[in-house]
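Below: one structure, written as structure tokens.
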Amino acid sequence: MNFSRTVGERTFGLTWVRLSLLVGALIAVAWSYWPSTGGSLNLRVFRDVTLYIAIPGALAVTHGRHIGYRVNRKAIRNTLVLAAFVIPVYVVGSSLPTIRTYYPMWETNAALGSFLPHAVKQFIVVLAAETYYRGFLCVGVRKIGFKSVFVSPIIYAFHHLGKPPVEVILSGPTDVLFGAVDYNCDSVLPSVVAHGIGLMLLDWLVLHEPLIAQDTVLNWLSWLPVHL
């Protein structure tokens, strides 16, 4: 008897999709109440890997499912396209005063001995987030169709509260975009690479003088109804 197939049919009377949504909601609550304060990136890595990778990963393995951990030609193509679209956004954003005040979220500096370990840990945080939001709650429940792309945006936006206003208002649409790209290729590779490289680049740029003059960027984005 195939254990994963047997378990995968129903757990506690729940289908895989319903189980995923229930566990996903519990993870969201646990993440909100499990503090990672104190300025420690190590604590953030531990919390996110535990909640966002270990729990969804264990469920996927025991139920014979996948949550986007696959690489194929279409995923590589989508990765290149998404990165080409997103990275310029990070470059522009790195000039905004609110972004430069908030980032880097954890203490580091431009010296490679300090920045590289910081960047690696930051990438792990991104991998964990994408595993949960775009993997577990999107690719993992793709059986429900394209509407799986719209499962996590509200949770994703809620978890961005407290960050710069421009990031909060863009978090929902960004979640939908990343989810749609990952859904299209049945892989979280595009969002992991685009988000991971983008965030590392953002931290690096914030530690240096803006590539684009702040006044120029503020003028470009003056139409946004938030403090920049």
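Position 1 is the first residue of the sequence; numbering continues from there.
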- Message: Between R142 (side chain only) and Y183 (backbone N and O only), is there a donor and an acceptor less than 3.5 Å apart?
- Response: yes
- Query: What distance separates R100 CZ from L202 CG, expressed to the nearest 0.5 Å?
  - Reply: 9.5 Å
- Is I27 reachable from Y33 through a run of hydrophobic residues whose side-chain heavy atoms are each under 4.5 Å from the next? no
- Item | S32 side chain vs A28 backbone, donor-acceptor pair below 3.5 Å | yes
- Note on the structure: On a heavy-atom basis, the closest approach of H118 and E107 is ND1-O, 4.4 Å
- Message: Under 4.5 Å between side-chain heavy atoms, counting indirect links through other Ile/Leu/Val/Met/Phe/Trp/Tyr residues: same cluster for Y132 and V151 or not?
- Response: yes
- Are any non-hydrogen side-chain atoms of T108 and Q122 less than 4.5 angstrom apart? no
- Message: Is any side-chain heavy atom of M200 closer than 4.5 Å to one of V126?
- Response: no
- Find out whether V125 and L41 are in side-chain contact, i.e. whether some heavy atom of one side chain is under 4.5 Å from a heavy atom of the other. yes
- Query: Under 4.5 Å between side-chain heavy atoms, hopping through other hydrophobics if needed: is there a path connecting V89 to L170?
  - Reply: no
- Task: For this output row, return yes or no: ring centroids of F136 and Y52 closer than 6.0 angstrom.
- Result: no
- Less than 4.5 Å apart, any side-chain heavy atom of L82 and any of V193? no
- Query: At their closest point, which heavy atom of I197 faces which heavy atom of I87, and how far apart are they?
  - Reply: CG2-CD1, 4.0 Å
- Within a strict 4.5 Å, meaning less than it, do heavy atoms of the D48 and W31 side chains meet? yes
- Just wondering, do Y69 and I53 contact through their side chains at under 4.5 Å, heavy atoms? yes
- Message: Which residue in the set D182, T79, N78 passes side-chain contact (heavy atoms from CB on, under 4.5 Å) when paired with L189?
- Response: T79
- Message: Return the CG to CZ distance between L59 and R65, rounded to the nearest 0.5 Å.
- Response: 11.0 Å
- How many angstroms lie between CZ in R18 and CD1 in I144, if you round to the nearest 0.5 Å? 11.5 Å
- Message: So which atom in C138 and which in G179 form the shortest heavy-atom distance, rounded to 0.1 Å?
- Response: SG-O, 3.6 Å
- Task: With sequence neighbours left out, write down each residue that passes ring pair (Phe, Tyr, Trp, His ring centres under 6.0 Å) with H227, or none if nothing qualifies.
- Result: none
- Query: To the nearest 0.5 Å, what is the distance between CH2 (W16) and NZ (K143)?
  - Reply: 11.5 Å
- Message: Can you tell me if Y102 has over 12 outside heavy atoms packed within less than 6.0 Å of its OH?
- Response: yes
- Does any non-hydrogen side-chain atom of P104 lie less than 4.5 Å from one of V206? yes
- Item | pair V139-I67: side-chain heavy atoms closer than 4.5 Å | no
